[in-house]
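A quick note: this is a predicted structure, and the numbers were derived from the prediction, not measured. Residue indices begin at 1 and follow the sequence shown. For ligands, and for the atoms within them, numbers begin at 1 and follow the listed sequence.
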Amino acid sequence: MSNKTLIIGAGGVGNVVAFKCAMNAQTFGEITLASRTVSKCDAIAANVKERVGVEIQTSSLDADSVPELIELFNKVKPNVVINVALPYQDLTIMDACVACGIDYLDTANYEHPDTAKFEYKEQWARDDDFKKANIMALLGSGFDPGVTNVFCAYAQKHYFDEIHTIDILDCNAGDHGYPFATNFNPEINLREVSANGRYWEHGKWVETKPMEIMQVWDYPEVGEKDSYLLYHEEMESLVKHIKGLKRIRFFMTFGESYLTHMKCLENVGMLGIKEVEHKGMKIVPMEFLSTLLPDPATLGERTTGKTNIGIYAKGIKDGKEKTIYIYQVSDHEKCYEEVMSQGVSYTTGVPAMIGAKLMLENKWQNKGVYNMEEFNPDPFMEELMVQGLPWKIIKE
Ligand code: NDP
């Protein structure tokens, strides 16, 4: 009997997941795309039908409501739910999956709308529920988190006896021509980059001020870029699962214009996430800013340049010191040509599809809640090569 797949969220990433699942329809079977604004699902479905020739069903859905989710799950009866809505919806969707006995996958860890803090605690706490329901959750199957976790697991499996340090490097050298815009959901993006930085060293977390640490890294096929230390969620699971790790850090590149705009917006209070009174109405400054900024899903056709995301690992193999950089380079224009989305949505949506594909094919299956590096990295690395995200390794 053929599979059924439900995708939740019709933004930039949802668009890529819909295209890529349709391109792999022999695995995903009947595909349904559900989101808050059904017209966005319909527009994606029409493009997929025209360019890939596969029919996608659409539905409106408020994924903050567990009863509404359960009603849709009972109607669609999917084998897997791919959550590419916002991190705020992770827990409701997970709870509905437990209630209906359906496998779950997402690309970003849970955040409470009122607290700009992200951690796996509440999702990991559902491990027993998933085990009892005999289902699986795969957390963070985007690029970072996601492919970066798989790169670490691959390095550990094939190149090291012990990895001592990892630097995760995320470079987006794309240009969309706007003075200021974010490449994925503005609210989530700005909450992430305006928060304190954090890295892990010798068994404990070290906190930094936002953007306090800058290093220049040389990215193959892109060049040297100013890169800023941020906290990023994959570090929380990698410190648990990578043997012998002494330090892990995450760096992301930002251009001058982005940083100046962000600082100014922060200084005037536009990044606030608490309600303020405005002419008798209550508004959240960050939500209002999100409304004003370009929708990331519309950046595709105007973005040029490349992304380079990878992991730089140092450690020991057969008693000798060793260093490798595993990385992937994507070209924004090529991504748009293939699926009508820019590179950041593409590099997130393709791994989401691959994670779900491996689950449906029983190559990555277990009961409970898992992070990416807990599975055999080899089948995922093979899929990356053929699904549009070929990777390379530099050994020193
Ligand atoms: P967008 O804002 O473009 O899209 C989010 C979609 O979710 C929109 O269609 C939105 O609906 C829908 N949505 C929001 N709330 C609800 C709700 N309550 N019920 C149903 N649908 C809802 O975001 P992106 O596509 O850029 O990002 C999607 C996810 O991918 C985010 O969680 C983001 O953090 C994650 N991500 C992960 C990365 C990784 O590498 N791991 C990198 C980049 C992103 P509407 O259209 O009505 O607003």
Side-chain angles (χ1 to χ4, degrees), residues 6-19 32-44 58-69 72 81-93 96 105-111 113 116 118 123 138-151 168 170 172 181-193 230 232-235 237 250 252 286-287 290-291 293-300 307 309 328 330 335 339-355 371-372 389:
L6 175 62
I7 304 162
I8 301 180
V13 179
N15 175 64
V16 177
V17 177
F19 263 96
T32 303
L33 175 61
S35 194
R36 190 165 50 187
T37 312
V38 73
S39 58
K40 291 195 186 173
C41 304
D42 293 337
I44 293 172
T58 61
S59 182
S60 74
L61 169 73
D62 176 6
D64 289 323
S65 156
V66 175
E68 215 176 287
L69 283 158
L72 183 68
V81 170
I82 303 176
N83 167 18
V84 281
L86 297 180
Y88 314 134
Q89 282 83 50
D90 287 2
L91 299 183
T92 46
I93 301 177
L105 174 148
D106 66 31
T107 65
N109 72 5
Y110 174 69
E111 273 184 68
F118 40 102
Q123 291 183 276
L138 183 61
L139 305 183
S141 190
F143 207 104
D144 46 336
V147 176
T148 48
N149 303 57
V150 177
F151 283 173
I168 301 170
D170 179 336
N172 178 10
T182 61
N183 291 294
F184 64 96
N185 184 274
E187 211 181 306
I188 304 299
N189 179 266
L190 291 167
R191 280 164 67 122
E192 178 178 294
V193 302
L230 299 183
H232 224 243
E233 62 200 61
E234 63 265 54
M235 293 193 286
S237 67
F250 181 98
M252 190 178 271
M286 176 80 96
E287 284 178 13
S290 227
T291 307
L293 289 174
D295 179 350
T298 63
L299 296 179
T307 63
I309 314 176
Q328 199 284 324
S330 283
C335 298
V339 299
M340 307 171 84
S341 272
Q342 37 85 3
V344 175
S345 305
Y346 188 90
T347 55
T348 309
V350 173
M353 178 280 290
I354 294 174
N371 292 92
M372 306 286 287
L389 295 176

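Applying side chain to side chain contact (heavy atoms under 4.5 Å, CB included) to N83 and the options L6, I7, V17, D90 leaves one that passes, D90.
Near A63, meaning under 4.0 Å from any of its heavy atoms, are these atoms of ligand 1: 17 (C), 18 (N), 19 (N), 20 (C). Residue-ligand proximity, T37 to ligand 1, at heavy-atom distances under 4.0 Å covers atoms 45 (P), 46 (O), 47 (O). For ligand 1, the atoms sitting less than 4.0 Å from at least one non-hydrogen atom of L61 are 19 (N), 20 (C), numbered in the order shown with element in parentheses. Listed by atom number, the atoms of ligand 1 under 4.0 Å from D64 heavy atoms are 18 (N). The A108 neighbourhood of ligand 1 comprises atoms 32 (O), 34 (O), with distances under 4.0 Å to a heavy atom of that residue. Within ligand 1, counting atoms from 1 as listed, the ones closer than 4.0 Å to a heavy atom of F184 are 26 (O), 43 (C), 44 (C). Taking every non-hydrogen atom of I188 and a distance limit under 4.0 Å, the qualifying atoms of ligand 1 come out as 34 (O).
The proximity of T107 to ligand 1, defined as any non-hydrogen pair under 4.0 Å, involves the side chain as well as the backbone. At a heavy-atom distance under 4.0 Å, atoms from both the backbone and the side chain of R36 approach ligand 1. At a heavy-atom distance under 4.0 Å, atoms from both the backbone and the side chain of A85 approach ligand 1. Neither the backbone nor the side chain of D106 has a heavy atom within less than 4.0 Å of ligand 1. With a 4.0 Å cut-off on non-hydrogen atoms, P351 does not touch ligand 1 at all.
Within the 4.0 Å heavy-atom shell around ligand 1 one does not find S345. At least one heavy atom of A10 sits closer than 4.0 Å to an atom of ligand 1. Note on ligand 1: P87 sits in its first shell, one or more heavy atoms being nearer than 4.0 Å.
At least one N or O atom of D144, backbone or side chain, sits closer than 3.5 Å to an N or O atom of ligand 1. Backbone and side-chain nitrogen or oxygen atoms of P296 are examined, and none is located within less than 3.5 angstrom of a nitrogen or oxygen of ligand 1. Where the criterion is an N or O separation shorter than 3.5 Å, residue side chain and backbone included, G9 fails it with respect to ligand 1.
Contact check for F19 versus M340: side-chain heavy atoms found under the 4.5 Å cut-off. Looking at L33 and I44, their side chains come closer than 4.5 Å, going by heavy atoms from C-beta outward. At least one side-chain heavy atom of F143 sits less than 4.5 Å from a side-chain heavy atom of L389. In this structure the side chain of I168 never reaches within 4.5 angstrom of the side chain of H232, judged on heavy atoms. Using a 4.5 Å heavy-atom threshold, the side chains of S59 and L72 count as touching. Put simply, the side chain of V81 does not reach to within 4.5 Å of the side chain of L69, judged on heavy atoms. Counting heavy atoms from C-beta on, the side chains of F250 and E234 come closer than 4.5 Å. At a threshold of 4.5 Å between non-hydrogen side-chain atoms, the residues D64 and Q89 count as touching.
Taken to the nearest 0.5 Å, the CD atom of E111 stands 4.5 Å off from the CZ atom of R191.
Relative to atom 10 (C) of ligand 1, the option among S35, G11, G12 with the closest non-hydrogen atom is S35. Closest to atom 25 (O) of ligand 1 by heavy atom, among L299, L86, V84, V13, is V13.
With 3.5 Å as the limit, one finds a donor-acceptor pair spanning the side chains of S345 and Q342.
From the protein, the heavy atom lying nearest to atom 42 (C) of ligand 1 is T348 OG1, 3.0 Å. The protein atom (non-hydrogen) at minimum distance from atom 2 (O) of ligand 1 is N185 ND2, 2.7 Å. The closest protein non-hydrogen atom to atom 46 (O) of ligand 1 is K40 NZ, 2.8 Å.
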Stepwise side chain to side chain contact (heavy atoms under 4.5 Å, CB included) test for L139 and N109 = CA-CA 7 Å; L139 305 183; N109 72 5; over 6 Å; no

